[in-house]
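There's a structure below that I have some questions on.
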Amino acid sequence: MVAADDFLAALGLGLGHNATVVVLGCAAFGLAAGLVGCFVLLRGRALIADVAAHATLPGVAAAFIGATLAGADPRNLWLLMAGGAASAALGTLAVRAATATGRVRDDAAMALVLSAGFGLGVVLMSVVQSRPTGGQAGLAHFILGQAAGMAEAEARALGMLAAGAVAMVLLLFNPLRTLCFDEAFAAATGLPVRLLDLALMALMLLVAVAGLRAVGLILVVALMVIPAVTARLVTDRLGVMAALASLFGAVSGWVGAALSAAAPGLPTGAVVTLVACALFVAALLLSPGRGVLAALLRHARLSWRIARDHFLRGAWEELERQRLGPDGAFAAAAVAEAWGWGPARLALVTCAARAAGLLTAAGEPGFLRLTEEGTALARGVVRRHRVWEIYLTRAGGVRAFAAHRGADLIEHTLPPEVEAEVEAWLAAADPALAREPVPPPVEGSLGHGARA
Amino acid sequence: MTLAEFFQLDLVPMLAALLTCVTCGLLGTLLLLTRNSMMGDAISHAVLPGIAAGFWLTGTRAALPMVAGAIAAAVLAVALIGLIRRLARLEAGAAMGVVFSGLFALGLLMLVWSGAERVDLDLDCVLFGILETLVWPEATGFGSLLDAEALAALPPELMLLAAIFAVTLLVLALLWKELRLAAFDPGFGRVIGFDPRPVRALLMLLIAAACVASFWAVGSILVIAALIGPAAIARLLTDRYAMTFVLAAAAGAGIALAGYGAAALLPAALGAAQGFNAAGMIAVMAGLGFALAAAVSPFRASAFRRRRAAASRG
């Protein structure tokens, strides 16, 4: 299990030279992957990245075999990575060729190339194993990653990759943004769309190959997609999204590598991915714009406003029916009946409305009275509803009984500009009616408490 | 190689590969036709935590808890993908990328933590399958096929595969029409009062079960080749619904036998010391089969041109 002291030490880069190299290398890789992943994601290429990552395996294994046969050192990491990059590029071309048959969609083509490429890699690995000269020499580590063995030169290379990715994105930010959001427009303005796409693909391949050591080929896609998606949840601005995705990627790499340095049995790639997932879940729950909690809160607020408006209008109509003024006492049960509410809902709404200072008890049990504030609000609510009904019947040609329902559906979400426009229309069409603080209900609209 | 050796060492893995590829080929055809190919990819990754949880709860490699766990994980994955797509307004590919890589990572950690490695449920099995270890030491020859005692000693993995194969055939036979409607025109289905969702849910359950069963044979990543390869090959060769299934089953059988055969025979030809990985070879055969089918496809561009030229001459 994870030793907390070791984890904190590794997090603060204090767990020895090797752990520090691994933590920094993984963080640099996370940064590069998060940044590049942003654009890959927005170009709709998330799954192509997965295909490319899986398709590195045959290249790595073939490079190993080739080096052995040629008498070179088969453990030369750069050679293996070059092989991986070449076969990953071939894999993306193979997807294009398979889709070009016109008989299978790109998702099927990607699944096929991904598994066939991985399969070829597995076969070549078993070829390596079957040769008398050497074992698999850690080739299997490329599948799930083995960050622990990262050398200083590799970490430095990952740092350079991250710096290069940042430089390229800074340099090409505007063209890339145009490309991501509107390819046709980008082409029309004379941007070299194919060249940009190619640059992005090249960067993606580099990241895929660079991730072999840090997280392994199966989970490279996780570090490209998850931080980018997390950033997308938090912001709508591309610049902020790119910065946040880099940050989330770097944090995932940093914390994940520190965790796995403290618990050497754990596969680094899986830990890094799960840290990225934790950030994602946090953003999914807490993001101010798109988060689950924010959505629930918005929903609850809207539900409350609708229930409050309904109750106030019901109360107003009940008072009208009893021919009482706005300060009269009305039976809460009558309002509930008009809306078809059960006792629990009625209790909830009246409680909240009393807490908000809109209602007071009227002495008699079960009877309520509108406060001054409540009266003002109710007047506005009823006026809005009726003006809208009048507009729908007179200008919209809607029949009266349907107008009531239509007004019910839309009045809670009308923006103020539309309300002002409808008021202006009424002032021009029927000035006398418009001057009434609360116009009478439209004839036959069922609006007068007599709900079916 | 003697006959007894063949029965002991090669028959069961070959049958397992065959059952895997034919079952997955049939199910994959439905995936392909309902445009859900990547869902197979997602499920094959996502079943891993379910399998690990099934092992965790029982401490053995018993099939049923693992199938149940995998189905639960697959259902969870599908639900999560839908939820994330809706909440984050993401395209399907990105939502799947998040869910399946996350669940796969979780499954890896669970496997390492639960100590499942002690009972052959190690990462190699996840990645490459254990086709080669499915031996039948009790077999002596053709007689063993009728010998109840020897049959009882068949590896349970093979029994599970056979059971899933039978269920798949049964579902295809019983729901032939419904599956066709769900695949081709769910809109029309809704109009005539047919809800395609239960059929699709059943398909996902079957695929999860097939993924677990095939998992032992070919590993979780190569199962994708078995799901999509035969179906894609069949699509290249025919436009007819029933024919697609027949061809997919045939292609599945073909790539299984060709892959297993190549893995067993190539090393000797190349002078290598031991056999190549059969599961990987099957995936390679799926890719080669697709390329071959694309070259002879009656729907390829050159074939179209030739037919049009012939039509305009005649």
Side-chain angles (χ1 to χ4, degrees), chain A residues 41 44 46-47 49-50 54 94 97-98 101-105 107-127 129-132 140 143-144 218-219 221-222 224-226 228-229 232-233 265-267 269-271 273-274 276-277 280 284 290-292 295, chain B residues 32 35-38 40-41 84 87-91 93-98 101-102 104-106 108-109 112-113 123-124 127-128 219 221-229 231-232 235-236 263 267 270 272-277 279-284 286-288 290 294 297 299-301:
Chain A
L41 179 80
L47 292 173
D50 199 22
H54 281 77
T101 60
R103 298 291 298 172
V104 293
R105 282 157 40 100
D107 58 345
M110 287 193 285
L112 190 65
V113 172
L114 182 153
S115 52
F118 186 78
L120 183 59
V122 168
V123 170
L124 290 177
M125 274 172 58
S126 67
V127 172
Q129 209 168 24
S130 73
R131 293 181 59 82
I143 296 177
L144 293 174
I218 294 182
L219 291 171
V221 68
M224 280 204 236
V225 174
I226 299 176
V229 168
R232 183 76 191 88
L233 282 173
L266 302 182
V271 181
T273 302
L274 287 180
C277 277
F280 168 76
L284 192 65
R290 296 180 162 200
V292 175
Chain B
L32 199 76
R35 302 180 176 167
N36 265 325
S37 305
M38 268 294 167
D41 201 347
I84 289 175
L87 284 174
R89 276 164 254 159
L90 284 171
E91 42 136 357
M96 281 184 206
V98 171
S101 53
F104 190 80
L106 185 68
L108 283 182
L109 276 195
V112 172
W113 254 337
L123 298 180
D124 279 3
L127 296 170
F128 315 127
I221 294 167
L222 298 175
V223 97
I224 302 163
L227 273 173
I228 302 305
R235 275 297 286 147
L236 282 174
L270 294 176
Q274 67 183 89
F276 295 161
N277 185 294
M281 202 56 113
I282 290 171
V284 173
L288 287 182
F290 183 83
S297 166
F299 305 102
R300 69 191 190 279

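Order of the sequence lines fixes the chain letters, A, B, ..., with proteins taken first and strands second; residue numbering starts at 1 for each chain. Just so we're clear, the structure is a prediction, and the values are computed from it rather than from any experiment.
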(Q) Is there a side-chain contact between A:M125 and B:N277 in this structure, where contact means two heavy atoms from C-beta onward sitting under 4.5 Å apart? (A) no
Q: Would you mind checking which part of B:L32 comes under 4.5 Å of any heavy atom in chain A, side chain (CB onward), backbone (N, CA, C, O), both or neither?
A: side chain
Q: Examine whether an atom of A:A98 lies under 4.5 Å from a heavy atom of chain B, and if so say whether it belongs to the side chain, the backbone or both; otherwise answer neither.
A: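 It is both, since atoms from each part get that close.
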(Q) I need the A:M110 CE to B:I228 CD1 distance, nearest 0.5 Å. (A) 11.0 Å
Q.
Heavy-atom cut-off 4.5 Å, strictly under: side chain, backbone, both or neither for B:A279 against chain A?
A.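 When you check distances to chain A, no heavy atom of B:A279 falls under 4.5 Å.
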Q: Any chance you could measure B:L106, atom CG, to A:T273, atom OG1, to the nearest 0.5 Å?
A: 11.0 Å
Q | Greatest number of heavy atom pairs closer than 4.5 Å to chain A - which of B:L222, B:L109, B:I84 | A | B:L109
Q) Hey, is the main chain of B:R235 close enough, under 3.5 Å, to the side chain of A:R103 for a donor-acceptor pair? A)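 The answer is yes, because a donor-acceptor pair under 3.5 Å joins these two groups.
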Q.
Do A:V229 and A:F280 make a side-chain contact, defined as non-hydrogen atoms from C-beta onward lying under 4.5 Å apart?
A.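 Yes, at least one pair of side-chain atoms sits under 4.5 Å.
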(Q) Using heavy-atom distances under 4.5 Å, tell me whether A:L120 contacts chain B through its side chain, its backbone, both, or neither. (A)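 For A:L120, heavy atoms of backbone and side chain both lie under 4.5 Å from chain B.
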(Q) Is A:M224 in contact with chain B via its backbone, its side chain, both, or neither, using a 4.5 Å heavy-atom distance? (A)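 Contact with chain B is absent: no heavy atom of A:M224 under 4.5 Å.
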Q) Looking at A:V292, A:I226, A:L114, A:L233, which one has more heavy-atom pairs under 4.5 Å with chain B than the rest? A)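 Option with the greatest count: A:I226.
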Q: Please confirm whether the backbone N or O of B:A225 pairs with a side-chain atom of A:S115, one donor and one acceptor, at under 3.5 Å?
A: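 Looks like yes, one N/O pair under 3.5 Å.
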**Q.** Contact class of A:R105 relative to chain B, heavy atoms under 4.5 angstrom
**A.** side chain
Q: For the pair B:S297 (side chain) and B:L236 (backbone), establish whether a donor and an acceptor sit closer than 3.5 Å, ignoring hydrogens and angles.
A: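 At least one qualifying donor-acceptor pair exists.
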Q. With a 4.5 Å limit on heavy-atom distance, are the side chains of A:D107 and A:L47 in contact?
A.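 A:D107 does not reach A:L47 side chain to side chain.
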Q: Could you tell me which portion of B:L227 (side chain, backbone, both or neither) has an atom closer than 4.5 angstrom to a non-hydrogen atom of chain A?
A: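 For B:L227, no heavy atom lies under 4.5 Å from chain A.
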**Q.** Under 4.5 Å from any heavy atom of chain B - which part of A:L124
**A.** neither
Q.
Shorter than 4.5 Å, heavy atoms on both sides: which option in B:A232, B:A95, B:A226, B:A283 has the most such pairs with chain A?
A. B:A283
**Q.** Over all atoms of both residues, closest heavy-atom pair of A:V221 and B:S101
**A.**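 Closest approach of A:V221 to B:S101, heavy atoms only: CG1-CB, 4.4 Å.
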Q: Give, as side chain, backbone, both or neither, the part of A:L219 having an atom under 4.5 angstrom from any heavy atom of chain B.
A: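 Contact with chain B involves the side chain of A:L219 alone.
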Q: Among A:A276, A:A108, A:G291, single out the residue with the greatest number of heavy-atom pairs under 4.5 Å to chain B.
A: A:A108
